[in-house]
K.L.:
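This is the structure I want to talk about, given as structure tokens.
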Amino acid sequence: MNLRILIAVALAGSSLAAQTRGPVELANAPVPPGARKIVYGTDPMHFGELRLPTTTGPHPVAIVVHGGCWLSTLGTYEPRIVSFEHLRPMANALTEAGIATWNIEYRRIDQPGGGWPGTFQDIGAAADFLRTIAAREQLDLKRVIAIGHSAGGHLAMWLAARSKIPVASDLYARNPLPLAGVVNLDGPADLGAALSVEKQICGNPVITQLMGGTPATRADRYRAGSPVEMLPYGGQQVFLAGAMFGSQVEPYAEAAKKAGDNVASTQFAKAGHFLFIDPQSEIWPEVLKSVRRTLSMPQ
């Protein structure tokens, strides 16, 4: 599906969805100054933007993970719409609510070193880097969550489940930073189930490219990289989804419950894909409420 058509479909699901801005508008939306670019590794894509609340620390932290089909470019659109830049309004809104935000960048499948295992390793390294800056930036490492949108929702859930990765996996990391919870905003929690729509949504077999094969040929990778196959992993889980990945909400919640995990899940059946990351949308209060609850902050 052409990206312009995809965005139009995602925004036009209902009168509620139509009120949200698309990724171009979000990437170009003005946000207050104060974010600082910090490098967490050696690759040009190893950086993030840190925003701190004006309140006294130590601050709860949200690791913000953007989506974009795990790609650095989509169609003829400017790369900013599939980068950390289109999540700046959301990161700023969270920071204004008293939450430090670490809006991270990482290598995608169409970039050198991206895909398996580099994309996952970058996300993990960015999360673990919080230990390096926690004292200096007054971050509360006991109250860290991941929040991701679209493909970033998948990666955020994966971050929360990292302790389940076996030692033999390429993705294994000793003593990963534990998260208090995760908020998935309309992203795939089951990569295997998403294979049937990957070309329709992204125009390419992006999941197959990310994982280096299908579940039949790379079962070990899906066990270490697809959240539904990593259950149970504890912590508080929130899964909010709309028209794009709403069909995964109920099956994932049932699988989590069966495994012993609890998921607060809501399907907004007609909601546009970008509504969840727009602080001006009518659903944003529900997103913020979920984040605050996951961080054990007063409602």
Side-chain angles (χ1 to χ4, degrees), residues 1-3 5-7 9-10 13 23 65-72 74-75 82 106 108-110 114-117 119-120 123 146-162 164-165 171 182-231 233 237-256 258-259 261 263 265-277:
M1 180 182 292
N2 179 275
L3 184 62
I5 298 175
L6 169 62
I7 292 175
V9 170
V65 190
H66 72 80
C69 290
W70 304 274
L71 292 166
S72 66
L74 269 176
V82 289
Y106 55 94
R108 270 64 63 75
I109 59 178
D110 56 347
W116 183 280
T119 293
F120 293 91
I123 298 295
I147 177 170
H149 173 247
S150 196
H154 154 250
L155 292 169
M157 277 189 158
W158 174 82
L159 265 181
R162 273 202 303 163
K164 300 298 295 291
I165 297 173
L171 306 187
V182 60
V183 179
N184 179 355
L185 302 176
D186 209 18
D190 184 341
L191 293 185
L195 287 172
S196 62
V197 296
E198 60 177 348
K199 291 183 180 179
Q200 177 186 1
I201 293 174
C202 299
N204 291 293
V206 289
I207 295 174
T208 308
Q209 293 168 356
L210 174 71
M211 304 301 283
T214 66
T217 60
R218 291 291 189 179
D220 58 327
R221 293 188 176 184
Y222 283 79
R223 286 193 296 268
S226 181
V228 73
E229 298 194 40
M230 303 169 76
L231 294 166
Y233 48 89
Q237 300 179 42
V238 177
F239 193 177
L240 307 178
M244 193 74 74
F245 289 106
S247 62
Q248 289 204 7
V249 170
E250 185 174 343
Y252 180 82
E254 290 179 356
K258 184 176 181 179
D261 277 353
V263 180
S265 58
T266 304
Q267 180 180 355
F268 301 87
K270 296 182 179 180
H273 189 50
F274 302 101
L275 180 149
F276 296 91
I277 61 173

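Quick note: numbers below take in every heavy atom, side chains included, and nothing from hydrogens, waters or symmetry partners. Throughout, numbering of the chain's residues begins at 1 and tracks the sequence.
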K.L.:
Val263 and Ala256: which non-hydrogen atoms are nearest, and at how many Å?
P.N.:
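It is CG2-CB, 3.4 Å.
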K.L.:
Between Leu159 and Ile123, is there a side-chain heavy-atom distance shorter than 4.5 Å?
P.N.:
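SC-SC contact between Ile123 and Leu159 confirmed.
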K.L.:
Please find the pair of heavy atoms, one from Ala151 and one from Gly68, that lie closest to each other, and give the distance.
P.N.:
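The answer is CB-N, 4.2 Å.
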K.L.:
Do Phe276 and Ile147 have side-chain heavy atoms sitting under 4.5 Å apart?
P.N.:
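No - every pair of side-chain heavy atoms lies 4.5 Å or more apart.
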K.L.:
Taking all non-hydrogen atoms of both residues, which atom of Leu74 and which atom of Cys202 are closest, and how far apart?
P.N.:
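Heavy atoms of Leu74 and Cys202 come nearest at CD2-O, 3.9 Å.
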K.L.:
For Met211, is there any backbone N or O sitting under 3.5 Å from a side-chain donor or acceptor partner on Arg221?
P.N.:
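A pair under 3.5 Å: yes.
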K.L.:
Start with the C-alpha gap between Leu171 and Trp158, add the side-chain angles, then the distance that decides, and say whether side-chain contact (heavy atoms from CB on, under 4.5 Å) holds.
P.N.:
CA-CA 11 Å; Leu171 306 187; Trp158 174 82; 3.8 Å; yes
K.L.:
Out of Leu191, Val228, Thr217, which one pairs with Tyr222 under the side-chain contact (heavy atoms from CB on, under 4.5 Å) rule?
P.N.:
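Exactly one option meets the side-chain contact (heavy atoms from CB on, under 4.5 Å) with Tyr222, and it is Leu191.
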K.L.:
Do side-chain atoms of Gln248 reach the backbone of Pro188 as a donor and acceptor pair under 3.5 angstrom?
P.N.:
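No.
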K.L.:
What I'd like to find out is whether the side chain of Phe268 reaches to under 4.5 Å of the side chain of Leu275, using heavy atoms alone.
P.N.:
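Of all side-chain heavy-atom pairs linking Leu275 with Phe268, none is under 4.5 Å.
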K.L.:
Answer yes or no: is there a donor N or O on one side and an acceptor on the other, between the side chain of Asp110 and the main chain of Ser72, under 3.5 Å?
P.N.:
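Such a contact is found between Asp110 side chain and Ser72 backbone.
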K.L.:
Check whether any side-chain heavy atom of Leu195 sits under 4.5 Å from a side-chain heavy atom of Pro215, and report yes or no.
P.N.:
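SC-SC contact between Leu195 and Pro215 confirmed.
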K.L.:
Is the backbone of Trp70 close enough, under 3.5 Å, to the side chain of Tyr106 for a donor and an acceptor to pair up by distance?
P.N.:
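Here the side-chain-to-backbone pair does not exist.
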K.L.:
How far apart are the closest heavy atoms of Ala194 and Ile207, and which atoms are they?
P.N.:
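Closest heavy-atom pair between Ala194 and Ile207: CB-CD1, 3.5 Å.
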K.L.:
Say you draw a straight line from SG of Cys69 to CG of Leu210; how long is it, rounded to the nearest 0.5 Å?
P.N.:
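The SG atom of Cys69 sits 11.0 Å away from the CG atom of Leu210.
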K.L.:
Nearest 0.5 Å, please: how far is CE in Met157 from OH in Tyr233?
P.N.:
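With rounding to 0.5 Å, OH (Tyr233) is 4.5 Å from CE (Met157).
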K.L.:
Would you say the side-chain atoms of Asp261 and Gln237 include a donor-acceptor pair closer than 3.5 Å?
P.N.:
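The criterion, which ignores hydrogens and geometry beyond distance, is satisfied for Gln237 and Asp261.
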K.L.:
Compare all side-chain heavy atoms of Trp116 with those of Ile109 and state whether any distance is below 4.5 angstrom.
P.N.:
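They are not in contact (no side-chain heavy atoms under 4.5 Å apart), so the answer is no.
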K.L.:
Quick check: does any side chain N or O of Asp186 sit under 3.5 Å from a backbone N or O of Ser150, one acting as donor and the other as acceptor?
P.N.:
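Here the side-chain-to-backbone pair does not exist.
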K.L.:
Would you say the side-chain atoms of Arg108 pair up with the backbone N or O of Val82, donor to acceptor, closer than 3.5 Å?
P.N.:
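Between the backbone of Val82 and the side chain of Arg108 there is a qualifying donor-acceptor contact (under 3.5 Å).
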K.L.:
Would the distance check show the side chain of Asp190 and the main-chain N or O of Gly192 forming a donor-acceptor pair, the cut-off being under 3.5 Å?
P.N.:
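Yes, Asp190 side chain to Gly192 backbone: donor-acceptor pair under 3.5 Å.
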K.L.:
For Met230, does its backbone N or O pair with a side-chain atom of Lys164 as donor and acceptor, under 3.5 Å?
P.N.:
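Looks like yes, one N/O pair under 3.5 Å.
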K.L.:
Show the nearest heavy-atom pair for residues Ser265 and Val249, with the distance to one decimal.
P.N.:
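For Ser265 and Val249, the tightest heavy-atom pair comes out as CB-CG1, 3.5 Å.
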K.L.:
Main chain of His149, side chain of His273: is a donor-acceptor contact present, judged purely on distance under 3.5 Å?
P.N.:
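Judged by distance alone, no pair lies under 3.5 Å.
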K.L.:
Please give me the minimum heavy-atom distance between Ala259 and Leu231, naming the atom from each residue.
P.N.:
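Closest approach of Ala259 to Leu231, heavy atoms only: CB-CB, 3.9 Å.
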K.L.:
Tell me if a side-chain donor or acceptor on His154 pairs with a main-chain N or O of Gly225 at a distance below 3.5 Å.
P.N.:
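Checking the backbone N and O of Gly225 against the side chain of His154, a donor-acceptor pair under 3.5 Å is found.
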